[in-house]
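Heads up: the structure comes next, in structure tokens.
Predicted model, so just to flag it, every value in this text is computed and none were measured.
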Amino acid sequence: MPEMIQTMQTAEIERDIRAFIIEHFLSGHAHQLREDGSLLGETIDSMGVLDLVMFLQDRFAITVEDDEVVPGNLDTVKNLVAYVARKLGNVNE
């Protein structure tokens, strides 16, 4: 399975991240997920960040280091996808 995760395409990563956010933070209301809006504060609170990090680690078999839990990696869907792709070693983001 880790090999399969390593070859995930960006679209698959985005699909999984969006589905998690919609289900766990927006009560299934996909229309509330803004394309480039910040997730932190309004959509995801500090406890939610922990849930998000746990999801990323479990789903994508990556380790999220403490110094990587920053808005630049986690504040938008686009940043989350780019972060996971980097962690997986996908150079074709």
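Of all heavy-atom pairs between Ile62 and Lys87, the closest is CG2-CB, 3.9 Å. Nearest heavy-atom pair, Ile22 versus Ala30, reported as atom, atom and distance to 0.1 Å: CD1-CB, 3.7 Å. Considering every non-hydrogen atom in both Gly72 and Asn79, the closest pair reads O-ND2, 3.2 Å. The minimum heavy-atom distance linking Phe25 with Leu52 is given by the pair CZ-N, 4.5 Å.
Between Asp16 and Val84 the shortest side-chain heavy-atom distance does not fall below 4.5 Å.
When atom types are taken as modelled, the side chain of Asn73 and the backbone of Glu68 share a donor-acceptor pair closer than 3.5 angstrom. Side chain of Gln57 to main chain of Val64: a donor-acceptor pair is present (N/O by atom type, distance under 3.5 Å, no hydrogens or angles).
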Practice problem: Start with the C-alpha distance between Ile17 and Phe60, add both sets of side-chain angles, then the distance that settles side chain to side chain contact (heavy atoms under 4.5 Å, CB included), and finish with yes or no. | Solution: CA-CA 10 Å; Ile17 289 172; Phe60 300 107; 4.0 Å; yes

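At most 12 non-hydrogen atoms from other residues, nucleotides or ligands lie less than 6.0 angstrom from CG of Asp66.
For the side chain to side chain contact (heavy atoms under 4.5 Å, CB included) with Leu39, the qualifying choice from Asp75, Leu80, Val49 is Leu80, the only one to do so.
In this structure, Phe55 and Phe20 have parallel ring planes: the angle between them is below the 30° cut-off, well short of the 60° mark.
Under a hydrophobic clustering in which Ile, Leu, Val, Met, Phe, Trp and Tyr are joined whenever their side-chain heavy atoms come within less than 4.5 Å, directly or via other members, Val69 and Ile21 fall into the same cluster.
Sorted by first and then second residue, the side chain to side chain donor-acceptor pair (under 3.5 Å) pairs involving residues 37-56 (not counting sequence neighbours) are Arg34-Glu42.
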